[in-house]
J.: 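Take this structure first; my questions come after.
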Amino acid sequence: MATTEEIAEAFAEWRQRCNANDRLKRMLRGWDRVVHLRTSDSSEQFTIEVRDQSIGPLGMGASGEPDMVVTATSEDFADLFWGDLNPSEKYMSGEIVLAGSQEDVMRLDAMSMVAFLDQ
Amino acid sequence: MTAPVLRRAMGLRTAVSTSTGLAFAALEYLAAAGLVVYVAGDSAWIAVGVAGLLALLAWGFFGELNGMFPTAAAIRLYMKRSMDDRTALTITFTYMTTIVLVIAADAFIVGSAISHVLGGASWTAGLWIVVLLAVAVAANLRGIKVAGGVQDVATYTVLVATTVIASAAVLRSHAALRFPLSPLHGHHGTDLIEAVALGVFLYSAFEWVTTNAEEVRRPEHVHRGMLIAVGLLFAVCALVTISMSHVLTHHQLGSAYPQLYLGRAAFGRAGLWFMAGVTALTALNTFNGGFITASRFVYATAREGSLPRPLAALNDRAVPWVPVVGLGAASLVVALVVAASHSWQVLVATGAALEAMIYAVAATCVVRLRARMADEHRPFRIVAGRALGALGVVVFGLLAVVASVSVGDRFNPAPLAVIAVCGGLSAFYVLRVLPGVRAAEQARRPATRRRPPRPPGAEVPVASGPPTDTGAAQPAP
């Protein structure tokens with residue numbers, strides 16, 4: 001099980017990578033969303049806010065009304081933010097559970113893919 | 001953990017309109033007209049009713065499976081858990097052919113209808129097909145999606161307008177119904193079976209709403225929406241078949257736009273134009289739902305590593321452009337071939353056979369998962385699942401065979417040949433090409449992990465409390 005510190009560290013790295021990626025910024029045009037992350041093994045919750053083509057810092061707990069909710073193990077979240085895990089694979093095997101519109105799911109997956117184009 | 005409450009979620013009304021709208025494509029009118037010739041007089045509604053009961057059986061299967069796997073990837077999940085992954089992929093790829101067929105059919109029917117009302121030469125239908133599909137592809141590439149509210153209006157308008165036209169056509173004919181309760185008058189029992197096989201197609205695609213399982217306000221909206229959709233489809237399609245059998249000639253029933261003749265029978269030239277508009281409106285849902293469902297599925301399968309990587313390429317609007325363009329091109333080819341060869345009845349029969357096949361597969365999955373995942377929580381459970389599942393395999397399997405060797409009211413193995421080619425290509429890909437694709441995907445991944453390793457001997461603590469120095473924000477008030 002990954003600790004909160006590990007998830008937050010991975011997220012900070014991923015956020016920096018995403019916000020520095022011009023192509024991803026173009027993809028996020030007009031896509032202001034609140035995303036909740038839920039860990040299935042440690043019952044923790046986090047909040048990510050995407051606003052003005054930029055990803056905000058990781059919020060502790062679930063704040064605001066979400067557009068999307070992503071549920072996965074803490075290990076999967078840490079691996080995902082480090083780019084060591086292909087979220088589509090986990091999603092197609094039912095290990096990552098999503099709630100949200102298909103369009104939002106696509107954007108989120110695009111964020112994980114474009115940030116690590118070599119994955 | 002409680003179920004998430006989303007800011008923008010799909011309500012029951014939109015779940016119903018999605019399920020009904022995806023099933024009620026322009027092809028519906030041709031399938032209804034095709035069904036009419038199998039039974040006597042005005043009794044085609046009986047075949048529609050029997051097919052509706054079978055659709056209810058399929059509704060039970062999809063309701064149970066969707067409850068267990070409430071995700072857009074449900075078909076991959078329940079098939080992977082029910083059977084060998086290669087078999088599951090082969091069937092899934094073959095099933096995806098249905099989406100190409102339906103999009104192609106709608107482009108052909110709408111193109112033909114526009115060409116007919118404008119009085120253009122028959123070749124102009126091909127021109128309209130190109131225009132329609134080009135617009136659909138361009139809209140999808142720009143990430144334009146029909147909003148739930150617009151979709152509701154479009155679907156309910158189509159249903160109400162079709163009901164009004166069909167009713168008016170019957171009432172204005174001033175003639176009594178002929179044999180409304182005797183489908184076998186002058187026909188064989190096998191004709192009725194063929195009519196039911198085609199009738200199942202009238203409900204086909206109602207189950208595609210399960211791909212919206214992640215965005216509904218309440219999980220039960222999906223199976224309730226499907227149930228209401230089956231009821232609506234029965235009511236409207238039964239009325240359409242009665243009306244068509246009552247007022248249209250054999251020549252008009254065999255045309256590519258029987259609904260236009262129905263409109264003309266109801267309200268003259270105005271009715272003809274009105275039904276042309278309604279036909280175009282049906283394409284809104286088909287193009288919107290079909291392109292999104294198929295292209296996103298192809299994208300996710302490519303990301304998973306089961307299709308070549310280029311199929312996961314995204315444009316700057318985060319749209320998987322290769323599947324969208326590919327789907328448009330494949331639909332265009334099929335639609336133009338159909339327009340040139342006037343073989344739309346083959347398209348209807350192929351769709352009917354594929355749909356019956358997937359219902360049989362869903363029945364198989366229900367039976368197998370009752371054994372393999374007996375203790376799994378099922379929010380919706382079909383009564384007597386094993387027995388009805390076995391019945392579903394037999395009945396839908398039989399209907400698939402019947403539909404695949406009948407075109408119009410004649411024996412014709414063309415649909416079977418189309419399905420065999422699609423299935424064969426899918427199997428060839430899965431057995432011969434996929435291992436290479438997966439190997440390439442494995443080789444492409446970085447050999448080392450980016451995530452820093454934990455120090456040796458470090459305990460794996462239970463996560464608790466917020467981080468202190470990682471750039472994380474504090475909880476919002």
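Only heavy atoms go into these numbers, but all of them, side chains included; no hydrogens, no water, no symmetry mates. Residue numbers start from 1 in every chain, and the chains themselves are labelled A, B, ... in the order their sequence lines are given, proteins ahead of strands.
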J.: By a 4.5 Å heavy-atom criterion (distance strictly below it), what part of A:Met111 contacts chain B: side chain, backbone, both, or neither?
T.: neither
J.: Under 4.5 Å heavy-atom distance to chain A, tell me which part of B:Ser306 shows up: side chain, backbone, both or neither.
T.: neither
J.: Chain A: which of B:Pro452, B:Pro320, B:Gly143 shares the most heavy-atom pairs with it under 4.5 Å?
T.: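 Most heavy-atom pairs under 4.5 Å with chain A: B:Pro452.
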J.: Of all the heavy-atom pairs spanning B:Ala74 and B:Phe69, show the shortest one and how long it is.
T.: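 Looking at all heavy atoms of both residues, the shortest contact is CB-O, 3.3 Å.
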J.: Can you tell me which portion of A:Val97 sits under 4.5 Å from chain B's heavy atoms? Options are side chain, backbone, both or neither.
T.: neither
J.: Do A:Trp31 and A:Asp104 pair up side chain to side chain, a donor and an acceptor below 3.5 Å, judged on atom types alone?
T.: yes
J.: Looking at A:Val69, A:Leu28, A:Thr47, A:Val105, which one has more heavy-atom pairs under 4.5 Å with chain B than the rest?
T.: A:Val69
J.: Could you tell me which of A:Pro66, A:Ala10, A:Ala62, A:Ala110 has the largest number of non-hydrogen atom pairs under 4.5 Å with chain B?
T.: A:Pro66
J.: Report which part of A:Asp41 has an atom under 4.5 Å of a heavy atom belonging to chain B: side chain, backbone, both, or neither.
T.: neither
J.: Are B:Asn212 and B:Thr18 close enough that a side-chain donor and a side-chain acceptor fall under 3.5 Å?
T.: no
J.: Given a strict heavy-atom distance threshold of 4.5 Å, which part of A:Ala99 is in contact with chain B: side chain, backbone, both, or neither?
T.: both
J.: Heavy-atom pairs under 4.5 Å with chain B - which of A:Ala78, A:Gly94, A:Ser88, A:Gly30 has more of them than the others?
T.: A:Ser88
J.: Could you verify whether a donor N or O on one side chain and an acceptor N or O on the other, from B:Asn285 and B:Thr155, lie under 3.5 Å apart?
T.: yes
J.: Under a 3.5 Å threshold, yes or no: a donor from one side chain and an acceptor from the other, between B:Ser17 and B:Thr14?
T.: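 Note: B:Ser17 and B:Thr14 side chains miss the donor-acceptor criterion.
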J.: Just wondering, do A:Lys90 and A:Asp79 contact through their side chains at under 4.5 Å, heavy atoms?
T.: no
J.: Indicate whether any N or O donor in one side chain lies under 3.5 Å from an N or O acceptor in the other, for B:Glu214 and B:Thr71.
T.: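 There is such a pair (donor and acceptor under 3.5 Å, judged by atom type) between the side chains of B:Glu214 and B:Thr71.
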